[in-house]
Amino acid sequence: MNEQNQNQERDIYVAIADPTRRKLLRLLADVEELPLNELTVHFEMGRTAVSKHLAILKEARLVISRKVGRETRYRLNAAPLREIEDWVSFYRKFWSERMLLLNQILEEEQKMNLTVSQEFNFKSPIEKVWYSLTDANTLAKWVMANDIKPVLGHKFQFRNEQWNLVIDSEVLEVEEPYRLSYTWVGGGINTTVTWTLKHEDGTTYLHLEQSGFEKEDQAFNGAKYGWAKMGEDLNKLLEEM
């Protein structure tokens, strides 16, 4: 692009940067042409100030003037605005594509973040509830056979021979006796189970989240029902312990 074109491009962008000049263009867009005095009545400024704005628009070739007797009449030349349109169109397309991509990402994240959430409370000490979550033999009584250890990075399995089900797990987080998290992979799902415990006024509150479901299907609904049932079994077990 040569220097002359660069200066012309700057003139166009400078010309439309001012709100008064944009209003002049809008006024001229609605008519074939207007004289200076009829344009001036639309502004709280004198003829001289309006003329200066029109001169800038003329330099950018956005306005063409002609003499009719002693009167100067102005009309719009919209052709140079095509350059602005091309510039805006590029970024309109740019942001449209990015917003489409963002929506796709958010939709995928939403699909991957369906979560089963359950709340339980027990009249048992928090240490006792923690033990029922982390001792393999006790956990087997209300969930299924396993070889869990509350050790970060420990890999273990849940097994149910009756259903021919094997769940592969790995301990992701251990904060005794307040938080335990591990993967739950098997039966067609790849999820994470997180237990959060707190003790207040003689009650231990246990919060479960199983996150990472892709859709509300049989596995998702089965998990909701299954954990609710296992929570009832845990309550009975704690009362017996």
Side-chain angles (χ1 to χ4, degrees), residues 102-241:
L102 176 60
N103 286 334
Q104 290 174 345
I105 292 173
L106 291 175
E107 286 175 3
E108 289 300 319
E109 287 185 351
Q110 186 177 19
K111 290 179 182 178
M112 293 299 293
N113 281 287
L114 287 172
T115 300
V116 170
S117 181
Q118 300 277 356
E119 300 285 348
F120 309 99
N121 58 82
F122 310 105
K123 295 298 182 181
S124 300
I126 191 171
E127 293 81 8
K128 194 173 182 179
V129 178
W130 176 263
Y131 182 79
S132 70
L133 295 173
T134 57
D135 176 71
N137 291 331
T138 305
L139 187 61
K141 294 178 181 179
W142 64 280
V143 180
M144 65 182 86
N146 65 90
D147 54 337
I148 192 173
K149 292 181 181 178
V151 177
L152 188 64
H154 173 66
K155 295 181 180 181
F156 63 101
Q157 289 184 330
F158 288 97
R159 292 180 174 274
N160 188 310
E161 295 182 359
Q162 180 181 353
W163 298 340
N164 194 28
L165 177 64
V166 177
I167 302 296
D168 293 309
S169 299
E170 179 180 350
V171 177
L172 303 176
E173 188 176 356
V174 180
E175 184 184 346
E176 184 177 355
Y178 303 108
R179 188 174 176 87
L180 176 68
S181 181
Y182 47 80
T183 58
W184 182 284
V185 183
I189 61 173
N190 187 341
T191 60
T192 298
V193 171
T194 301
W195 300 98
T196 307
L197 301 83
K198 67 177 181 179
H199 190 80
E200 293 180 354
D201 301 324
T203 300
T204 297
Y205 298 90
L206 178 63
H207 175 72
L208 162 73
E209 285 192 357
Q210 186 174 1
S211 60
F213 289 94
E214 295 183 7
K215 54 186 176 180
E216 293 191 37
D217 56 5
Q218 183 177 354
F220 178 82
N221 292 317
K224 287 198 296 186
Y225 171 81
W227 287 118
K229 176 64 171 62
M230 286 185 281
E232 295 175 0
D233 294 341
L234 174 59
N235 188 44
K236 294 176 183 178
L237 178 63
L238 290 170
E239 291 176 351
E240 296 171 357
M241 289 174 62

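For this chain, numbers begin at 1 and follow the sequence in order.
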Quiz prompt | Any residue meeting side-chain contact (heavy atoms from CB on, under 4.5 Å) with Lys149, in chain and number order, not counting sequence neighbours | solution =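 For Lys149 the side-chain contact (heavy atoms from CB on, under 4.5 Å) partners, ignoring immediate neighbours, are Val151, His154.
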Atom [atom1] of [X] and atom [atom2] of [Y]: how far apart are they, to the nearest 0.5 Å?
| X | Y | atom1 | atom2 | answer |
| --- | --- | --- | --- | --- |
| Leu238 | Lys128 | CG | NZ | 6.0 Å |
| Asn164 | Arg159 | CG | CZ | 10.0 Å |
| Ile126 | Leu197 | CD1 | CG | 5.0 Å |
| Asn221 | Lys215 | CG | NZ | 12.0 Å |
| Lys229 | Leu234 | NZ | CG | 11.5 Å |

Using distance alone, with no hydrogens and no angle criterion, decide if [X] and [Y] have a side-chain donor and acceptor under 3.5 Å apart.
| X | Y | result |
| --- | --- | --- |
| Ser169 | Lys155 | no |
| Tyr178 | Trp130 | no |
| Thr115 | Ser211 | no |

Check whether any side-chain heavy atom of [X] sits under 4.5 Å from a side-chain heavy atom of [Y], and report yes or no.
| X | Y | answer |
| --- | --- | --- |
| Lys224 | Gln118 | yes |
| Glu214 | Leu114 | no |
| Tyr131 | Met241 | yes |
| Glu200 | Tyr205 | yes |
| Trp184 | Asn190 | no |
| Leu237 | Thr138 | yes |
| Thr191 | Val116 | no |
| Thr194 | Leu208 | no |

Practice problem: Would you check, one step at a time, whether the test side chain to side chain contact (heavy atoms under 4.5 Å, CB included) holds for Val129 with Trp195? | Solution: CA-CA 11 Å; Val129 178; Trp195 300 98; over 6 Å; no
Can you give me the closest heavy-atom contact between [X] and [Y], atom names plus distance?
| X | Y | result |
| --- | --- | --- |
| Leu152 | Val174 | N-CG2, 4.0 Å |
| Ile189 | Ala219 | CG2-CB, 3.6 Å |
| Ala223 | Gln210 | CB-OE1, 3.7 Å |
| Ser117 | His207 | OG-CE1, 3.0 Å |

Quiz item: Parallel under 30°, tilted from 30 to 60°, perpendicular over 60°: which one fits the rings of Phe120 and Phe122?
Solution: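 Ring orientation of Phe120 relative to Phe122: parallel.
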Practice problem: Indicate the ring-plane relationship of Phe158 and Tyr182, choosing parallel, tilted or perpendicular according to the 30° and 60° boundaries. | Solution: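 It falls in the tilted class, 30° to 60°.
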Practice problem: For the pair Thr183 and Leu172, evaluate side chain to side chain contact (heavy atoms under 4.5 Å, CB included) and give the outcome as yes or no after the intermediate values. | Solution: CA-CA 7 Å; Thr183 58; Leu172 303 176; 3.8 Å; yes
Self-check item: Pair Leu133-Leu206, side chain to side chain contact (heavy atoms under 4.5 Å, CB included): steps then yes or no
Solution: CA-CA 10 Å; Leu133 295 173; Leu206 178 63; 3.9 Å; yes
Practice problem: Dump the intermediate steps for side-chain hydrogen bond (donor to acceptor under 3.5 Å, both in side chains) on Lys198 and Thr204, then the final yes or no. | Solution: CA-CA 6 Å; Lys198 67 177 181 179; Thr204 297; over 6 Å; no
Anything under 3.5 Å between a donor and an acceptor, one on a side chain of residues 139-148, the other on a protein residue two or more places apart or in another chain? List them.
unit_1 : atom_1 : unit_2 : atom_2 : d
Trp142 : NE1    : Ser132 : O      : 3.0
Asn146 : OD1    : Ile148 : N      : 3.1
Asn146 : ND2    : Ala136 : O      : 3.1
Asn146 : ND2    : Met144 : O      : 3.0
Asp147 : OD1    : Gln157 : N      : 2.8

Practice problem: Please list, chain by chain and in numerical order, all residues satisfying side chain to side chain donor-acceptor pair (under 3.5 Å) with Gln218, sequence neighbours excluded. | Solution: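 None.
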